[in-house]
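Just so it is clear, the values below take in all heavy atoms, side chains as well, and ignore hydrogens, waters and symmetry mates. Because the structure is a prediction, the values reported are computed rather than measured.
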There are 4 protein chains.
Amino acid sequence: MSEHRQGPVRSEAARMDVLHATARLFAERGYDQLTVEGVAAEARVGKQTIYRWWSSKSALVADCLLEGLLLPGSFIPRDTGDILVDVQSWLDEIFQVLGEPSGQSLMLSLLAAAAENGDVGRQLRASLGASSILSARFRAAVESSNLRADAPLDEIVQALVGTMIFRTLSRSEIEPHTSERLARAVLGEWVRA
Amino acid sequence: MSEHRQGPVRSEAARMDVLHATARLFAERGYDQLTVEGVAAEARVGKQTIYRWWSSKSALVADCLLEGLLLPGSFIPRDTGDILVDVQSWLDEIFQVLGEPSGQSLMLSLLAAAAENGDVGRQLRASLGASSILSARFRAAVESSNLRADAPLDEIVQALVGTMIFRTLSRSEIEPHTSERLARAVLGEWVRA
Amino acid sequence: MSEHRQGPVRSEAARMDVLHATARLFAERGYDQLTVEGVAAEARVGKQTIYRWWSSKSALVADCLLEGLLLPGSFIPRDTGDILVDVQSWLDEIFQVLGEPSGQSLMLSLLAAAAENGDVGRQLRASLGASSILSARFRAAVESSNLRADAPLDEIVQALVGTMIFRTLSRSEIEPHTSERLARAVLGEWVRA
Amino acid sequence: MSEHRQGPVRSEAARMDVLHATARLFAERGYDQLTVEGVAAEARVGKQTIYRWWSSKSALVADCLLEGLLLPGSFIPRDTGDILVDVQSWLDEIFQVLGEPSGQSLMLSLLAAAAENGDVGRQLRASLGASSILSARFRAAVESSNLRADAPLDEIVQALVGTMIFRTLSRSEIEPHTSERLARAVLGEWVRA
DNA sequence: GGCTAATCGAGACGGTACGTCCCGTCTTTAG
DNA sequence: CTAAAGACGGGACGTACCGTCTCGATTAGCC
């Protein structure tokens, strides 16, 4: 009854080879040095096998992101009971990574990919935005009355992540107390003693 | 005694032709469709004339940004005396522009250029960050005691601009009351009745 | 005792579909535009079905030639009793066909195929050379004493056919009286009053 | 007054590098193994430099032929005073070369190129046809009354060369006395004691 | 009737070469 | 010495086919 397709089926091995090669080269050389030809060579795969399933190099990157091959295991915010402190140390950790050249250039590459390709952008939102671990921490804080129930959680997350992105793009140096000021600026209003 | 140079000096006409051509093509086709060859043709200029004075296409874009050829005349926040209201309407205006395809893709192209080239990024900070008109409005609000004197102005500006950038990159739809919630999230703490 | 095979035997339908598709595409587009993939599609046959039975596209063409699908029904020389006249009008007919673009390009394609593949070349010899209808006419002329018994028939046929091939390859225009001069040049010696 | 073009002029060095590389690869590997990419690599030249000046690989071959880089110094017929003998030994020499695999495959490659590209074909005619050294020998024979004045020289040359081509394409073995029979078949009529 | 093996269509696979676009450098002529 | 024009060596693009392989369905002979 069902619709049957004849012929060979997509090779999962080839698919993963391509994605791993993409991730490897992306991390090594960055987004704009990434080439489809290079990925094909690294993955020992025909170029056509890439173009058959992905429309462009940015689609490759989006898919890698989806498979979790690009971002290191998310930064998990601590839970000391004090949301302000936890967000501060979360920001510190991130600024730490973005302070290193490799961390910075990985982020810039991701942003370049996101600027070029909507799927990468949306994927990035999924990783860093409302559905992220940070969001979960905020919801927990609301639960435990550490945050006011009417706090605009999405906007707060976006403001924090957006600041990181803006600072990365604008190559801002990290000054002392940045995390503290930022956390207080955005969260201060909504924290309960 | 002094160092004399023979021959004609740099042609200002050629310089502006190049920058205008860059701006035109950037706006029309976006950053990654922009090519040095295309700019040279559009400006009716030899390629070498471009490479003599600029190091890459991203340097061209950075220079255009500096000359104010890319961003439409800055959004000037109103001054009704109520900073919260003024920031809200400023955000509304911006979200309006970013809601249109042309505004969105101009912004995405700028972000792509900034991700690729530090000068563009720093230039972007100069246009949108601490030295921006929005910052000036905040300082005025502090002056008039509409904002607390200890408000972390830079962080606030970064949070607002960063949110815009994050939402653009992640292709977020603009929902009603976004501006209101965002302004309150970030400014609430620091506004004085 | 004998070697037995199980399973279905070669499909004659598929075989003819392939050969007809080859002949059609060969005539339409010429030899070097001919592709195995195109033949498979035109014949609605899997590529493997072609590769199972033929080793290359030139083998396909050789087979078509063998089946008589490429050359239009051979040019049959008249028999007026005067071999010189008959050869002349045979040459006229052929030069006529080779004068038209379609005839010329069919011939050129055949020559390309023959240059690439020995089987095609040998097949061409079988069609045009010693075993051809022209040869038969010569033998008849010898029989009826219209040609000397010691006439080197093979060399004469080769000289006539070879001239046609050379003129085709070199894109020579056909001038008036060519047939007459050629027939006399090659045959004159051997004709008997 | 005259039309001046600015800018660099075609590089003669690059031109000759390309042609020599083409000739080398053509002789080594034959026409259908010849690739534009391979020529570019061998000549250490950008592909675009080839495509800028030649339309296809067959145009490269035609140009090589024109520059005399493909055919070994023409076979020069002897002049013993007896045209029949001289043509015979000329044919022997050629059949000798075409008997060797390398000579045969060079010829087949040339024929393939000629079948594909009219310029190659016309060039081949210039090298082997009416303007050839063989033709000159025939004219000398007419001069010295060794050949009848009304002998159709062009047709005779074409018949001889055409036979060689046909025999090459059809992979005919060379039998003893072929040259003799062929020379007599085509020339017999016109030779004077 | 069930089993085995070869056929068929379709088409994914690793590759090679295509012809084009653009890079950044170099070369030429004009002013 | 600058400028335009544009040829140069090079690298990547996205496409077309190559010849091999894998898949599910079908079909012919054998037990």
Side-chain angles (χ1 to χ4, degrees), chain A residues 4-11 13-15 17 33-41 43-53 55-57, chain B residues 4-11 13-14 17 33-41 43-57, chain C residues 4-11 13-14 17 33-41 43-57, chain D residues 4-11 13-15 17 33-41 43-53 55-57:
Chain A
H4 283 302
R5 237 193 25 82
Q6 254 177 342
V9 99
R10 177 171 188 183
S11 155
R15 181 174 163 269
D17 285 351
Q33 300 272 25
L34 191 71
T35 67
V36 174
E37 210 146 72
V39 171
R44 299 171 157 284
V45 140
K47 269 206 284 183
Q48 196 57 47
T49 298
I50 297 185
Y51 283 109
R52 191 163 15 242
W53 304 111
S55 59
S56 61
K57 74 169 178 174
Chain B
H4 283 299
R5 282 188 338 107
Q6 282 178 337
V9 291
R10 177 172 187 182
S11 154
D17 284 351
Q33 300 271 29
L34 191 71
T35 67
V36 173
E37 217 145 64
V39 171
R44 301 174 154 283
V45 138
K47 275 203 290 178
Q48 194 60 262
T49 300
I50 296 184
Y51 282 109
R52 209 182 334 265
W53 304 110
W54 292 275
S55 62
S56 62
K57 76 169 179 176
Chain C
H4 284 300
R5 282 191 338 106
Q6 277 178 337
V9 291
R10 176 171 189 182
S11 155
D17 284 351
Q33 300 270 28
L34 190 72
T35 67
V36 173
E37 216 146 64
V39 171
R44 301 172 155 284
V45 140
K47 276 205 288 180
Q48 193 60 261
T49 298
I50 296 184
Y51 282 109
R52 200 174 353 252
W53 304 110
W54 292 276
S55 62
S56 63
K57 77 168 178 176
Chain D
H4 282 301
R5 238 191 25 83
Q6 253 178 344
V9 96
R10 177 172 187 181
S11 156
R15 182 174 162 269
D17 284 352
Q33 299 272 25
L34 190 71
T35 68
V36 173
E37 209 146 72
V39 171
R44 300 170 156 283
V45 140
K47 269 204 287 182
Q48 196 58 46
T49 298
I50 297 185
Y51 283 110
R52 195 170 3 249
W53 303 110
S55 60
S56 62
K57 74 170 179 175

Please check if the number of heavy atoms outside C/Arg44 that lie under 6.0 Å from its CZ is greater than 12. no

Taken to the nearest 0.5 Å, the spacing of D/Thr49 OG1 from D/Arg52 CZ works out to 4.5 Å

**Asked** With a 4.0 Å cut-off on heavy atoms, is B/Trp54 in touch with a base, just the backbone sugar-phosphate, or nothing at all?
**Response**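 No contact.
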
Check your understanding: Base, sugar-phosphate alone, or nothing: which one does B/Arg52 contact when heavy atoms must sit under 4.0 Å apart?
Key -> base

With the side chain defined as heavy atoms from C-beta on, A/Pro8 is closest, among E/dG11, F/dA5, F/dA4, to E/dG11

Which of F/dA3, F/dG9, E/dC8 is nearest the side chain of C/Thr49? It is E/dC8

> What are the two closest heavy atoms between D/Ala40 and D/Gly46, and how far apart are they?
Replying inline: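 Closest pair (atom of D/Ala40, atom of D/Gly46, distance): CB-C, 4.4 Å.
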
Review point. Where is the tightest heavy-atom contact between C/Val36 and C/Lys57, given as atom of each residue plus distance?
Key: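 Nearest heavy atoms, C/Val36 then C/Lys57: CG2-CB, 4.1 Å.
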
Show the distances under 3.5 angstrom between N or O atoms of the protein and N or O atoms of nucleotides 2-4 of chain E.
residue : atom : partner : partner atom : Å
E/dT4   : O2   : C/Gln6  : OE1          : 3.3

- Query: Of B/Ala43 and A/Val9, whose closest DNA chain F nucleotide lies nearer the 5' terminus?
  - Reply: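 Residue closer to the 5' terminus by nearest nucleotide: B/Ala43.
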
side-chain hydrogen bond (donor to acceptor under 3.5 Å, both in side chains) involving A/Gln48 - partner list, sequence neighbours excluded |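 Listed in chain order: nothing, the list is empty.
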
With the criterion being N/O to N/O and under 3.5 Å, what pairs connect the protein with nucleotides 11-15 of chain F, and how long is each?
residue : atom : partner : partner atom : Å
F/dC13  : OP1  : A/Val36 : N            : 2.8
F/dC13  : OP2  : A/Val36 : N            : 3.4
F/dC13  : OP2  : A/Glu37 : N            : 2.8
F/dG14  : OP2  : A/Tyr51 : OH           : 2.3
F/dG14  : O5'  : A/Tyr51 : OH           : 3.4
F/dG14  : N7   : A/Lys47 : NZ           : 2.9
F/dG14  : O6   : A/Lys47 : NZ           : 2.7

Whole-Å distance, D/Ile50 CD1 to E/dT20 P, equals 13 Å

Interatomic distance, A/Asp17 CG vs E/dG15 P [rounded to whole Å]: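 Value for this atom pair: 11 Å.
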
Does D/Trp53 make a side-chain N or O approach to OP1 or OP2 of F/dC8 shorter than 4.0 Å?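 It does, given that an N or O in the side chain of D/Trp53 lies less than 4.0 Å from OP1 or OP2 of F/dC8.
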
- prompt: Looking at D/Trp53, is D/Arg10 sitting on its ring face, NZ or CZ under 6.0 Å from the six-membered ring centre and within 45 degrees of the normal?
  reply: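 Yes, D/Arg10 sits over the ring of D/Trp53.
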
